[in-house]
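Notes follow the structure.
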Amino acid sequence: MGIQLDDIKAQIALLAEELNRHNYLYHVLDAPEISDADFDKKFRLLRELETTSGYIPANSPSLRVGAPPLDRFDKAVHSIPMLSLDDTFSFGEVDEFDRRVKEFLQTHDIRYTVEPKYDGLAVELTYENGNLTRAATRGDGITGEDVTQNVRTIKTVPLSITGEGVPELPELPELIEIRGEIYMTKADFDALNARREESGKPLFANPRNAAAGSVRQLDPAVTAKRRLSITCYGTGAIRGLTLTCQSQLIEWLSTHLFPIPYHFKSAQGIDEVIEYIREIDAVRAELPFNIDGVVVKVDEFDLRQRLGEKTRAPRWAIAYKYQAHQAQTRILKIAPSIGRTGVITPVAVLEPVSVGGVTVSRSTLHNWDEVKRMGIRTGDTVIIERAGDVIPKVVGVVSHDAVLQVQVVEPGLCPECGSRAVRQEGGAVLRCAGLNCPPQLQGRIIHFASRLALNIDGLGDKIAAALFDAGLVKDFTDIFRLTKDDLIRLPRFAEKSAVNLIQAIDSAKSTTLSRFIYALGIRHSGEFVSKVIAANFETIEGLYGVSVERLCLIKQLGEKTSLTIAEFFAEENNIKIIETLRTLGLTLTNPDYRPDMPEMPDMIDAGRKLAGLTFVITGTLPAARKHIEEQIRAAGGVVSSSVSRQTSYLIAGDSPGSKLGKAAALGVKTVSYDEYLALL
Ligand code: IVH
């Protein structure tokens, strides 16, 4: 019986060793020798033998799964503190480090090692007599957490120290604490988040958080499902083995099947160090994992000994950090902000943080649905990204503030002018429909004065800007209050041009209803729509408080357009402004009004005649291009700027451009303006 059991034990030990070797071939070298099915078969056999015999060797791959969940992690005290590193951000600082080292040691020519600085979490693996007995997080450097059960599930962590071609026992140290970094590759991170998204779980903000969250999991079964990786780069206490330098340590780790840092280099002198830093920088985007810099270490251990350490970090190593494009910070407040086009976006006011050398204290959150989707709340710790010159944005939530659970509420009113904020453009965009809204005012006035609107000659972009800068126009109605004296005080404004502008404003005060509606700059209401409205409503008062339903009865108005018009005239602030403009001299006539025939003879009932057709326009046409475009859209057609096979018609006017040739080449039909009207 005893002999039989010994046989089984021997078989189990062999199988375990074999499976560990295949694990290494597969997970570390990425060069499997057997199929997954064969591996599974051997693995099942091992488990069967282990269950029947009750013998599970310390290095058995079956130990990688199946430990029961914990209530909490035990404390794990480090026999030698796990230090941190001083950061440097320039080659000048790296030189400075070299200078300090050489001065301290009174030597020149130091050998260094260069390794990527993996962006994960530091751990310490304790091997006693060759077997993994503890895995601990760094914690505060003195005390971490015992995460042995979880770390065992990481396929590339050797459960026992072996090694091909390594002489048996004499080489195995009685104790060795191996330090390294647990991380998640970019691919594993993406796959994990994709799965989480599918099952509606919150996403991890970045691979580091995913790795840390997976290691600090009370249920090892969960950790086992997360694909984690490890790289080993240091030691704590050692008994029964002498290593003299980092290069030798890395070689020892490698021969004993521990994963070691990619691109590990030994460098003679600081210039070579800098060369390697540059090399790693050049490939870092293509690395399968995130790094946030490079670690430079004095190679020789006895030199390290002499250099010693400060409280937090050793004198013999530094981190060189690449320009970070991301940083973490807290959201102090989420405030609505309004842009020049009236779009109201949520903006996060942040605890100031440096991202790639620039202090960031505000960041747009794009839109209100995005805030909801990401679950962002005031007090949250978030990740800010700033790539190149791009405006900083919040890309993920790291943690929620436990106390400040302030939900973000979409504002009902514009934060600047108090007008109603309404959802537009398929609901994604929140917009202020207020005419008098300060950030929008300059743009609105320029439109108000433009040729197809009130046609105030001489009031273009530059003059509008000057009027704003001088504080002469603070309100939409101020434009009708301007006097010659106001204008003369502006820089470079001659008496003559002042008189002309005042005259232009005065004569613009008498206009048509359709021009005035166009001038109000209601979204989706161009010249065509304005004429349609004027044809249907005799006076402007008829539009005050008009319902969407009433507008939808008008054939040429789509739902979207009807909605924005109704929203505009539902806003009391807007009505007040129109009334003020009237007291300041605005008089409206309505030659377009057609009570009996609201379709208007000159506008043609477009209906949906052009639905499904795509038009491109070239050359000079009898009507304004904007007008034709609007007409096409109102009739259900699409306007495109370039000719392709998808184009249905090219409308060609006088002196057409190269589009004509392109249309001919593609077999796209070209029509004249009259032929186009006939289509309608
Ligand atoms: S050496 C005293 N080497 O960086 C030596 N650390 O900022 C300290 N890290 O806590 C560790 N890659 O989590 C070392 N190749 C590497 C590293 C590395 C990443 C992390 C580690 C450490 C932190 C220090």
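In this text the structure is predicted, and so the values were computed from the model without any measurement.
A 4.5 Å side-chain heavy-atom check between Ile540 and Ile578 finds at least one atom pair inside the cut-off. Side chains of Ile445 and Phe468 form a contact here, defined as non-hydrogen atoms less than 4.5 Å apart. Using a 4.5 Å heavy-atom cutoff, the side chains of Ser514 and Ile533 are not in contact. Counting heavy atoms from C-beta on, the side chains of Ile463 and Phe493 come closer than 4.5 Å. Here the side chains of Ser525 and Phe568 are not in contact, with every heavy-atom distance at 4.5 Å or above. Taking the side chain as every heavy atom from C-beta outward, Met184 and Leu192 approach each other to under 4.5 Å. With a 4.5 Å cut-off on side-chain heavy atoms, Arg523 and Lys560 do not count as touching. Annotation: side chain of Leu472 is in contact with side chain of Leu490 (closest heavy-atom distance under 4.5 Å).
The stretch residues 502-523 participates, sequence neighbours left out, in these ring pair (Phe, Tyr, Trp, His ring centres under 6.0 Å) pairs: His447-Tyr518.
In this structure Arg451 satisfies the salt bridge (charged side-chain N to carboxylate O under 4.0 Å, His left out) test with no other residue, sequence neighbours excluded.
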Report task. Just do the side chain to side chain contact (heavy atoms under 4.5 Å, CB included) check on Thr329 and Ile384 with the steps written out, would you? Result -> CA-CA 7 Å; Thr329 190; Ile384 307 295; 3.8 Å; yes
**Report entry** Steps toward salt bridge (charged side-chain N to carboxylate O under 4.0 Å, His left out) verdict (Glu571, Lys576)
**Finding:** CA-CA 9 Å; Glu571 179 55 54; Lys576 268 193 214 141; over 6 Å; no
Report task. Please report the C-alpha distance between Ser84 and Arg312 in whole Å, then the side-chain angles of each, then the deciding distance to 0.1 Å, and finally whether the side-chain hydrogen bond (donor to acceptor under 3.5 Å, both in side chains) criterion is met. Result -> CA-CA 6 Å; Ser84 174; Arg312 217 190 114 253; 2.9 Å; yes
Query raised in the report: How far apart are the C-alpha atoms of Thr580 and Thr477, what are their side-chain angles, what is the distance that settles it, and do they pass the side-chain hydrogen bond (donor to acceptor under 3.5 Å, both in side chains) test?
Result: CA-CA 7 Å; Thr580 308; Thr477 57; 5.6 Å; no
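The nearest pair of heavy atoms linking Ile628 to Ala623 is CD1-O, 3.7 Å. What you find for Ser547 and Ala566 is that their closest heavy atoms are C-CB, 4.3 Å. Annotation for Val473 and Ile479: closest pair CG2-CD1, 4.0 Å, computed over non-hydrogen atoms. For Ser337 against Val347, the heavy-atom pair with the smallest separation is CB-CG2, 3.5 Å. Between Asn573 and Ser419, the shortest heavy-atom distance links the atoms ND2-OG, 3.1 Å. Considering every non-hydrogen atom in both Ala494 and Ser497, the closest pair reads O-OG, 3.0 Å.
Around the CZ atom of Arg216, the shell of radius 6.0 Å holds no more than 12 heavy atoms that belong to other residues, nucleotides or ligands. Remark: Asp457 CG is loosely packed, at most 12 non-hydrogen atoms of other residues, nucleotides or ligands lying under 6.0 Å away. Around the CD atom of Glu541, the shell of radius 6.0 Å holds more than 12 heavy atoms that belong to other residues, nucleotides or ligands. For CZ of Arg362, the number of neighbouring non-hydrogen atoms (other residues, nucleotides, ligands) closer than 6.0 Å is 12 at most. No more than 12 heavy atoms of other residues, nucleotides or ligands shown are found within 6.0 angstrom of CD on Glu197. Residue Arg340 places its CZ atom among 12 or fewer non-hydrogen atoms of other residues, nucleotides or ligands, all under 6.0 Å distant.
Under the 4.0 Å criterion applied to side-chain N and carboxylate O atoms, Arg373 and Glu370 are assigned as salt-bridge partners. Of the charged side-chain nitrogens involved, at least one lies within less than 4.0 Å of a carboxylate oxygen, so that Arg423 and Asp369 count as a salt-bridged pair. With salt bridges taken as basic N to acidic carboxylate O contacts below 4.0 Å, none links Glu351 and Lys333.
Remark: Arg208 fails to qualify as a cation-pi partner of Tyr183 under the 6.0 Å distance and 45° angle criteria applied to the six-membered ring. Under a cutoff of 6.0 Å and an axis angle of 45°, Lys186 and Phe289 do not form a cation-pi pair.
The backbone N or O of Glu527 lies less than 3.5 Å from a partner atom in the side chain of Glu630, making a donor-acceptor pair. Distance alone, capped at 3.5 Å, places no donor-acceptor pair between the Glu579 side chain and the Ile575 backbone. Judged purely by atom type and a 3.5 angstrom limit, Asn590 uses its side chain to pair as donor or acceptor with the backbone of Glu538. Remark: side-chain polar atoms of Lys474 are paired, donor with acceptor, to backbone N or O of Gly471 under 3.5 angstrom.
How far CG of Leu228 is from OG1 of Thr185: 9.5 Å, rounded to the nearest 0.5 Å. To the nearest 0.5 Å, atom CG of residue Leu551 and atom OG of residue Ser562 are 5.0 Å apart. Between the CG atom of Asp190 and the CZ atom of Arg195 there is a distance of 11.5 Å, given to the nearest 0.5 Å. Expressed to the nearest 0.5 Å, how far NE2 of His400 lies from OG1 of Thr381 amounts to 10.0 Å. From Asp592, atom CG reaches atom CZ of Arg515 across 10.5 Å, with rounding to the nearest 0.5 Å. Atoms CG and CD, from Asp292 and Gln326 in turn, are 11.0 Å apart once rounded to the nearest 0.5 Å.
Remark: aromatic rings of Phe204 and Phe189 are distant, center separation not under 6.0 Å. Taking the six-membered ring for Trp and the full ring otherwise, Phe448 and Phe476 have centroids separated by under 6.0 Å.
Neither side chain, Glu572 nor Tyr544, offers a donor N or O lying under 3.5 Å from an acceptor on the other. One side chain, Thr483 or Asp486, offers a donor N or O that lies under 3.5 Å from an acceptor on the other.
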